[in-house]
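No experiment lies behind these values; they were computed from the predicted model shown. Throughout, residue positions are numbered sequentially from 1 according to the sequence presented.
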Amino acid sequence: MDYKKNKKILSEFLKCQTSEELEKIVKGEKLDQEGWLPYGGRSQNAGDIEGQMLEADNALMEKITNSIDAILMRRCYEEGIDPRDRKTAPKNMAEAIEKFFGGRESLREKRSEFAKEWLRVTAEGKKDRPTITVIDKGEGQQPNNIKDTILSLGKDIKEKIPFVYGTYNKGGSCPLGFAGNPSSYDFNYLQLVLCRRPSTIKDKEKTKNHDHFGFTVVRKRFDYASDKFTYEYLVEKDTGNIFSFPSEGPVEIDDYKFEEGCVVKLYDYQLTPPGNIVLRGLNEFIERKLPISPLPIYLKELRGGYGGGKDYSVFGLKEKLLRKKETLRETYPQKLPVDLGEIGKKEVELFVLK
């Protein structure tokens, strides 16, 4: 591989704010003439990818929860614990947060600083279809393992790990169905994936370029031979390997210095509502979907033309309500028993606003 050229290509990819710009780089660098492998290892993949979610915001949550999983997995490996070991691994997510990060109280005290370093979501590009980037300081992947993890479908990757969200190895692909230029047909360039495995994770099996930055692009193509769409990702034509280059310091992404973990950039995303992600948009949606978020999440709006805040750290709707107790009716919150039929009796926490 030409590592110097690969580093230059990645820099150009990261500067792209729309799928049209991404396509220009791919064609300008003649990457469309390189190898393209089917997402998930099979060409008949559009049904699996597009048939999971009806709404773009729900699909995007899969990327965010995958990042939370990756962060918890990293810390588990760093502690020398096999995440599949039922005896030593955390039994659930709450236990993992307590074991690896000192619990919610510890995270609450440093939520903004933690979120900016460990898990961030940014929006740039168009107002109606923003390009969304999710960056986590999680377990990352060795370049040659990206195919069998982030770009796989239906594999048993996290099925036996009790403290993570992901189970079926499909949700991470569903945002692809909501990305890209809606006016493009034959070829549509959707997503950039960038990974680097942390040196603190002691893998038993290491490839020659295990400590490299590895990256690829995912596109949607209409296959006229089968008369169907297919999703595929970029590899080096001669070797079939993911593009990579050795680390000579962090990769600059906005004001963030990315050194290890994973970056997923979804171009021209069909986000609903499409407004400022910090003000009553993605912010409030995440809080509702994760009322007790395991980890703080940093949101940053990079598009101009919006009034109000440009960044915000989300830690779940419950945290927001507890911080603003003056908005609650007296005697609330209250914990009350609820009969859920076959599920049994459970205790719920009730918040009532003034």
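Interatomic distance, S112 OG to E117 CD, rounded to the nearest 0.5 Å: 13.0 Å. Between the CG atom in L282 and the CD1 atom in I286 there is a gap of 4.0 Å [rounded to 0.5 Å]. Note that CZ of R196 and CD of E139 are 15.0 Å apart. Values are rounded to the nearest 0.5 Å. Taking CD of E236 as the reference point, atom OG1 of T216 lies at 12.0 Å (rounded to 0.5 Å). Rounding to the nearest 0.5 Å gives a distance of 14.5 Å between CD1 of I68 and CE of M73. Atom CD1 of residue I297 and atom CG of residue N283 lie 10.0 Å apart, to the nearest 0.5 angstrom.
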message: Apply side-chain hydrogen bond (donor to acceptor under 3.5 Å, both in side chains) to residues D311 and Y298 and explain how you reach the verdict.
response: CA-CA 7 Å; D311 64 347; Y298 178 66; 2.9 Å; yes
field: Full working for side-chain contact (heavy atoms from CB on, under 4.5 Å) between T331 and Q334
entry: CA-CA 7 Å; T331 74; Q334 294 182 13; 3.1 Å; yes
K318 vs E287, salt bridge (Lys or Arg N to Asp or Glu O under 4.0 Å): CA-CA, chis, key distance, verdict: CA-CA 8 Å; K318 179 178 176 179; E287 288 180 329; over 6 Å; no
- prompt: Can Y224 and F222 be said to form a ring-ring contact (aromatic ring centres under 6.0 Å, His included), step by step?
  reply: CA-CA 6 Å; Y224 285 92; F222 187 77; 4.8 Å; yes
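Environment of CD in E326: crowded, with over 12 heavy atoms of neighbouring residues, nucleotides or ligands closer than 6.0 Å. The number of heavy atoms from other shown groups lying within 6.0 Å of NZ (K5) does not exceed 12. The number of heavy-atom neighbours closer than 6.0 Å to CG of L350, taken from other residues, nucleotides and ligands shown, is above 12. Environment of CD in E347: crowded, with over 12 heavy atoms of neighbouring residues, nucleotides or ligands closer than 6.0 Å. The number of heavy atoms from other shown groups lying within 6.0 Å of NZ (K345) does not exceed 12.
For the residue pair D268 / T18, no side-chain donor-acceptor distance below 3.5 Å is found, with atom types taken as modelled. S244 and N209 are linked by a side-chain donor-acceptor pair at a separation below 3.5 angstrom, with hydrogens and angles left out of the test. If you check the side chains of N58 and E55, you find a donor sitting under 3.5 Å from an acceptor. Remark: the S106 side chain and the E109 side chain contain no N/O donor-acceptor pair separated by less than 3.5 Å. One side chain, E78 or T200, offers a donor N or O that lies under 3.5 Å from an acceptor on the other. Counted by atom type alone, K208 and N144 present zero donor-acceptor pairs between their side chains at under 3.5 Å. A donor atom on one side chain and an acceptor atom on the other are not found under 3.5 Å apart for E62 and Y165. Inspection of the Q52 and S173 side chains reveals an N or O donor paired with an N or O acceptor under 3.5 Å. Side-chain polar atoms of D82 and Y77 form no donor-acceptor pair below 3.5 angstrom.
Aromatic ring pairs are classed by plane angle as parallel below 30°, tilted from 30° to 60° and perpendicular above 60°; the pair W118 and F114 is parallel. Ring geometry for Y39 versus Y233: interplanar angle over 60°, hence perpendicular rather than tilted (30 to 60°).
Ion pairing of R323 with E319 is absent here, as no side-chain N (NZ or NE/NH1/NH2) approaches a carboxylate O to less than 4.0 Å. At a threshold of 4.0 Å, the pair K15-E12 does not count as salt-bridged, since none of the basic side-chain nitrogens sits closer than that to a carboxylate oxygen. A salt bridge between E79 and K99 is absent, with no side-chain N of the basic residue lying under 4.0 Å from a carboxylate O of the acidic one. Between K30 and D32 there is no salt bridge, since no side-chain nitrogen of the basic residue lies less than 4.0 Å from a carboxylate oxygen of the acidic one. Between R303 and E301, at least one side-chain nitrogen of the basic residue sits less than 4.0 Å from a carboxylate oxygen of the acidic one, meeting the salt-bridge criterion. With respect to E248 and K7, a salt bridge is recorded, a charged nitrogen being found less than 4.0 Å from a carboxylate O. A salt bridge links E124 to K265: one of the charged nitrogens lies within less than 4.0 Å of a carboxylate oxygen. We find that E23 and K27 are joined by a salt bridge, their nearest charged nitrogen and carboxylate oxygen being less than 4.0 Å apart.
Summarising the geometry of C16 relative to I25, their closest heavy-atom pair is SG-CG1, 3.7 Å, with the distance given to 0.1 Å. Nearest heavy atoms, I150 versus C262: CD1-SG, 3.7 Å.
Of the candidates T207, D211, D203, D203 is the only one forming a side-chain contact (heavy atoms from CB on, under 4.5 Å) with R197.
Looking only at distances, a side-chain donor or acceptor of Y269 sits under 3.5 Å from a matching main-chain atom of A56. Proximity of a side-chain donor or acceptor of D85 to a complementary backbone N or O of K87 within less than 3.5 Å is detected. Under a 3.5 Å cut-off, the side chain of T327 and the backbone N or O of K324 do form a donor-acceptor pair. In this structure, the side chain of K220 does not engage the main chain of Y185 through any donor-acceptor pair within 3.5 Å. Not one N or O on the side chain of S67 forms a donor-acceptor pair closer than 3.5 Å with the backbone of D136. Distance alone, capped at 3.5 Å, is enough to place a donor-acceptor pair between the R120 side chain and the K116 backbone. Under the 3.5 Å distance criterion, the side-chain polar atoms of K310 are matched with a main-chain donor or acceptor of Y306. Counting only distance, with no hydrogens or angles, the side chain of R86 and the backbone of P162 share no donor-acceptor pair below 3.5 Å. Panel note: side chain R111, backbone S313; a donor-acceptor pair is recorded below 3.5 Å. N45 contributes a side-chain N or O that, together with a main-chain N or O of R42, makes up a donor-acceptor pair within less than 3.5 Å.
Both tests pass for R104 against the ring of F315: distance under 6.0 Å to the centre and angle within 45° of the axis. For R221 and W36, the positive end is not near the middle of the six-membered ring at less than 6.0 Å and at most 45° from its axis.
Residues Y332 and F351 form no side-chain contact, since every pair of their non-hydrogen atoms from C-beta on lies 4.5 Å or further apart. Within the 4.5 Å cutoff, side-chain heavy atoms of D69 are placed close to those of M93. Residues Q191 and L266 meet the side-chain proximity criterion, which asks for heavy atoms closer than 4.5 Å. In this structure, the side chains of C76 and F163 come closer than 4.5 Å at one or more pairs of heavy atoms. Considering only heavy atoms from C-beta on, V348 stays 4.5 Å or farther from K335 through its side chain.
When hydrophobic clusters are built by joining Ile, Leu, Val, Met, Phe, Trp and Tyr residues whose side-chain heavy atoms come closer than 4.5 Å, directly or via intermediates, V217 is not grouped with L153. Y231 and F187 fall into different hydrophobic clusters, where Ile, Leu, Val, Met, Phe, Trp and Tyr side chains are chained together by heavy-atom contacts under 4.5 Å. By the criterion of side-chain heavy atoms lying less than 4.5 angstrom apart, applied directly or through intervening Ile, Leu, Val, Met, Phe, Trp or Tyr residues, L279 is grouped together with L271 in one hydrophobic cluster.
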